[in-house]
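One structure is given below, encoded as C-alpha cells.
Lettering follows sequence order; numbering is per chain, from 1.
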Amino acid sequence: MHELPKQYDHKAAQARCRTLWDTHRLWHAEPEAGRRVYSVVIPPPNVTGALHLGHALNNTLQDVLVRTRRMQGFLTLWMPGTDHAGIATQAVVERRLLEEEKLSRHDLGREKLVERIWAWKEQYEKRILGQLRDLGASCDWDRVRFTLDDQCAAAVREAFFRLFQKGLVRRGKRLVNWDTFLQTAVSDDEVFHEQVKGHFWHIRYDVIDPKPGEPASVTVATTRPETLLGDTAVAVHPSPAAALDAAEAAVRQKRATASAKEQPEIDAQLDEFAARRRDLLPTLETLATMAHAGRQLRLPLLGRAIPLVADEWAKPELGSGCVKITPAHDPNDYDVGKRRSLPMLNILNPDGTLNAEAGPYAGLTMHKARKKVVADLEATGQLIQVEDRVIELAHSDRSKTPIEPYLADQWFIRMDELAQPALDAVTGGRVRIVPERYAKSYVDWLSEKRDWPVSRQLWWGHRIPIWHVTGVTEADLRQAFGDRATVAWRSDEVDGWFVCSSDESLATETIAGGQLTRDPDVLDTWFSSALWPHSTLGWPRQTADLATFYPTSALVTSRDILTLWVARMVIMGVFDTGEIPFSEVYIHPKILDRYGETMSKSKGNGVDPLDVIETLGADALRFALASMATETQDVRMPVEFQCPACGQLIEQTVQNRVKPRIDCPKCAKPFRTQWASVEADLALPRGPAVSEKFESGRNFSNKLWNATRFVLMSLDAAGGENDGPPVDIQRGLSDPVSLELADRWLLSRLASVTREATQAIDEYRFAEATRILYAFAWDEFCSAYLELSKPRLADPAHRHQAQTMLLVGLDTILRLLHPIMPFVTEEIWQHLREAAGDRRMPWDESDKPLPESLMVARWPVPPAAWIDPRTENQFGSFLAVVAAIREIRARQNVPPKTRLMVAIRAAGDVATLLDPMRPAIESMAAVGITALGPDASAPPAAATASAAGCDVFVDLADLVDIDAEIARLVKENEKTAGFMRAKQAKLADEKFAARAPEAVVAKERAQLAELEAKLARDAAALTDFRRRQASS
RNA sequence: GGGCAGCUAGCUCAGUUGGUUAGAGCGCUACGUUCACACCGUAGAGGUCACAGGUUCGAAUCCUGUGCUGCCCACCA
C-alpha cells in the first residue's frame, strides 16, 4: 500500500530533494565534447545583505530555464556567485563600525577595515547561497565564485592591463559626485535626488570701477550661496538678443502644437519675454560688451577680482541673465571653466569641510558655511532677495548623505572605440534583448559613448594595478621591465610615470632608485562585474570551461542595470575574448507593492522570500513569481502581515508598515515587525509580511500531491482482477487510434500542452507557461480525466489501461512542471518511482533505466501524431453534457446524493460518440441515463438544458420547482432572443455579407441556427411548465 | 524637457496577427464533508475593456487626441 498523508509536507520534501540532488551533484556540469550546451551566469547578488523578493524572481526564472534545458538534454551550467559590491558593502560595514564601536575607517586603517569586510562577506555569502539553495536554484554549487576572489582578480588585472596597453585608460580631472561620509566619488547611478525645501538667494556682485553708463553691479541667483567662495567668474551670454530671440522662437514653436490647457502658461512665458526684452536686454548687451572688454567684478565677502566672461551657458531668458561660475563644484560651470580657461578653485576638503581657499570660512562644513555666508552677505547688503524654493538635492545612495560636486583626479576608460562593437552586437541582432523595447535604452545610452570613470576612493575592491614612479627615465623602465609582457608604462598625463601591470609582484619592486607607489584607489564594482561571464569560466586562461560554456546562452536580469551591467559586460566580453558574452538578455519585471512602490527594506514593504518558503514552500513562491512574470508590465503584490497567533492577514498600509508592533484586529494579540527595537517589542512573536498571492501555488502543490495519492491508490487496485492486457507505455501508445476516446483525448492534450508550454518557456513567457500547465493539470487532468477514470478503474476490463494512462498523464505533468516547482514534482516522482517502478515514457531512452531524479529525466517530446483536434472537440461535447446536467442539479437545488435520471437527445453521430462515455457521464454527473439517441424524449416534469448540440432532459419528477423553472426559462428566452436579434441584424447587413470572410459569415449563421433551436426548445418547455402550473 | 510602459470584474492580472455572448486566480454568494484533495468540489453573481474621435462589414485589439498612474534618461544659475 502506498498510503500518503492527505497534505503535502513541503518542508520534509524540500530537505529530501536537496539531499538527493546534492548527493548526486545533479546540478554539476563538466565540459564534455559533442553535447549541446546551455549556460547561464547568475547576476551575482551583492554581499550587502540577504536576498529579497526581486532576487527570488530573478533566480526562479533562471532556474526554470536551466532546469528545462537540462531535462532537454543540454549540457547545462548555471554559474553561481556573489558580488563584492564595493561602495555598498563598505558603507554598510563602516556604518556599523561607527554605530557599534564609534570608530571611523581611518581609526581602523585600510588593512583592518578590509579584514572586517571580508568577515562580513563570509557571513552574508553563506546566507545568500543558503537562500538560493532554499529556493531550489540548481546552480553548479561546485563552482561558486566571488567577484573579488583570486580568479576574478586575475581577470580584472589582465583586462585592465590590456586596456592600459591599448591607451584606453586615461587619467583626468573630473567633477565627481563626492560622498563626504565615505570620502569617495560615487557614480551618477549611485546618487538619488530628494526634494527638499530650500532657498533661492539673489546676490549682488559689484563691478570694479564701472564706467559711466555701465551697471555698477550684476545680480546672480543660486541655491548654494556658499559656493560663491569658489567662484572664478560671472558669465553673461555673448549675444543676448539673439539668444533671447532663439529662446522665444522655440516657445512660439511649442505654442503652435500645445494643447488648449497649456496655452495660458505659454502665453505668460511670452509676456515674460517681452518684459525681458524691454527691461533687461539693454543691460545684458552692455554686460556682454564689458565681458568682451575683459572687465572684472568683485567677489563678495572674499573681495577677489573675478572676470565677467561671455559664455552661452548664461541664458538671457532665465533669472537675471547672469550666472556665477564655480568650476570646481558644478558640472555645468566646470564646462564653462574649461571653455573660458578659468581657474578651477576647489574649496572643499575630502571630508566635506571647507579648505584654506575659503579664507575665513575654512574648516566649516558646507552647511555651516552656508549660514555664515548668507549672514555676512546680509550684513554687507549684498543679499538682494531670498525666495523659497523646492530644490532637488543629490544624496549618496550608499551613505544617504548629501553629495558635493567635487573636482578630483580619476581614472577613466575611454568609450569611443569600445562602445561601438557593443552597439553593433545589439543593433545587428547578435545579442537579442527581450522584451525588445529595452534595446532602445541600451542603444541610446551606449551611443553617447561617455567615458567610464572607474576609480573609487575606497578600500574594498580591486585595487587599480597602476603604480606611480618619479625620477626615472624610460630607459630605466625598459631596463627593469623591458622583457616582461605584463608591464606597460606611460607618462603623458603625469609628472613621472604610470606603470601598469597585470602582475601583482610589481608591488615590491624598485627601479633605478625610484620607488613604485601604488595608486590607492580601487576599481568601480561594475568593472569586475563586467567580466563576470568570462572571468568565472577561467579567463584569461584558455580553460576547457571557457571553451565549452562561453559565450553563455542567456542573461536574466532586471532593467535597472541594463546599462550599468549588461552593456558593460558586452563591451568587456568583446574586448577581452572577441566574442559576445551571451546571445539573449531577458529583462524581467519588477515587483511592486500594492501602492505601486518598489519594495525595499527601508520602506518596510518587502516580503521576505524565506518567510514564504517557510510557511508555504519554495514551490509556492516560485509558482507565484513565475506566474507574475508577464511581458508587459511590472507586477503589484499586495502585502499582508500574518498574525503569528491566529494566522489572520492584516493588510499592509503606508501607516502600519513602519510600526514596530501591531495588534491583531482579530485575536487582539500583538506581534512585532522588522522595526522592533525596544526589548518589550522584541519579546513578541514576529508577524511575517506575506502575500496571499503565494497561496495558490501552495494549493496547487497540494492538488498535485492528492492527484498522486489517487493514482497510487488506484495502482494498488492492481492487486485485484485484471482482465485487460497490461500496457507497454513505450510501444503501446504509438498507435493512439486504438485507444478509447478519453485516452486519445489525454494524449492529444498532453502533446498540445507540452508543445505550448515548451514554446512559452523558449520565448521567456513564464507566466503563460505557468498558466497553461496549471489549467491543464487542475481543470483537465484532475477535474476531468481523473474523475472519469474512476468507473474505469472499477472495471477489471479497463483497469490496466486506465492505470497506465493515469501514470502517463501524471508523469508528463510532473516533468513539465518540474522547472517551475522542482520540489513537489521531485517528491511525487520519487513516490511514483517506488510504487510504479520503471515506467519509462515514450520519450525516455529505452535502453537505460529511469534516472535517479526527475531533475535529469527527459523533457517530454510527445509525437505529433498524438495531437488530434477532432478528439479534443468530441471530448469537449462530453464535458459540456456533464456540465449541463450539473447545472440543472444546481439550479433546482437537488442534493448531490439524489440520483437523477436523464435522457439525452443527440444526433446520430454525436450519440455514437457519447455512447461509450455513458458510464463516465453517469459517474461524473451522478445520474442514470435512460435514453441516449436521436429519439430520446423528454419525460414529464423534466428540466432541460442544451449543450454541444444535444438536449439534456433531467427527470425531476416531483422535485421540480415549476415556478423557478418558468422564471428561469422566461429570462433565458429573452436573453436568447436578444442574441438572435443581434445576429440577424448582422447577417442582414449587406456589407457584412459582402465583405466579411465566408468562414465568419458561416459561423454567424450556424450560431443563429443554434440559437433558434434553443429558443424553440426552451419555448416548448416553457409552455409545458405553464400548463402543469395551471393544472396543479 | 525627452523616452517607455500601463489603465480590462472588488483585488492582482491574461486576452497571440481586429471576427463567440471578453477570461483566470483570489475575494464574494449558495449548496456540499464515506468515496484523491475543504490547501477541496459543484454552481452562481460580478465588466460601457480610462475617455473622446477615427479607420472597418466588424475594435478591448489598429490610428489620432485627452486624462490619470508608474518607470527610465536629461536638466533645473
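Here the shortest heavy-atom pairing between S691(A) and M637(A) reads OG-CG, 3.5 Å. Contact detail for L383(A) and V386(A): the closest heavy-atom pair is CD2-CG2, 3.8 Å.
Between W705(A) and H10(A), the distance from one ring center to the other does not fall under 6.0 angstrom. Aromatic ring centres of F694(A) and F623(A) lie farther apart than the 6.0 Å criterion allows.
Considering only the side chain of N332(A), C76(B) comes nearest among C76(B), U21(B), U42(B). Taking only side-chain atoms of W313(A), from C-beta outward, the nucleotide of U20(B), C39(B), C76(B) with the closest atom is C76(B). When each of C26(B), C40(B), U20(B) is scored by its nearest atom to the side-chain atoms of E692(A), the top-ranked nucleotide is C26(B). Side-chain proximity of Q7(A) to U21(B), C39(B), C37(B): nearest is C39(B). Comparing A36(B), A14(B), G3(B) by their closest approach to the side chain of K440(A) singles out G3(B). For A996(A), the side-chain atoms get nearest to G19(B) when compared with the rest of G19(B), C13(B), A43(B). Counting only heavy atoms from C-beta on, K703(A) has its side chain closest to C37(B) among C37(B), U42(B), U20(B). Residue R771(A) places its side chain closer to A14(B) than to any other of C37(B), C40(B), A14(B). Side-chain atoms of L786(A) lie closest to A36(B) of the nucleotides A36(B), C40(B), U20(B). Residue C782(A) has its side chain nearest to A36(B) when only G19(B), A36(B), A43(B) are considered.
C68(B): Watson-Crick or G-U partner is G6(B), with both key distances under 3.5 Å. For G19(B), the paired base is C57(B) (Watson-Crick or G-U wobble, both distances below 3.5 Å).
Residue T222(A) is classed as a sugar-phosphate contact, given heavy-atom separations below 4.0 Å to backbone atoms only. W201(A) comes within 4.0 angstrom of nothing in the nucleic acid, heavy atoms only. At a threshold of 4.0 angstrom between heavy atoms, the contacts of R1005(A) with the nucleic acid are absent. Within the nucleic acid shown, K790(A) comes within 4.0 Å of at least one base atom, counting heavy atoms only. Counting any heavy atom pair closer than 4.0 Å across all strands shown, E998(A) reaches no nucleic acid atom. At the heavy-atom level, L592(A) lies nowhere under 4.0 Å from the strands shown. Using a 4.0 Å heavy-atom distance criterion, S701(A) is classed as making no nucleic acid contact. As judged by a 4.0 angstrom heavy-atom cut-off over every strand, L1011(A) is placed among the base-contacting residues.
Of the possible donor and acceptor atoms, one in the side chain of R889(A) sits under 3.5 Å from a partner among the backbone N and O of A925(A).
Contact annotation: K693(A) side-chain N/O to C11(B) OP1/OP2 distance is not under 4.0 Å. Contact check, N702(A) against C40(B): no side-chain N or O comes under 4.0 Å of OP1 or OP2. Note on R450(A): a side-chain N or O is less than 4.0 Å away from OP1 or OP2 of A74(B).
Mapping E317(A) and D560(A) onto RNA chain B via the closest heavy atom, the residue that lands nearer the 5' end is D560(A).
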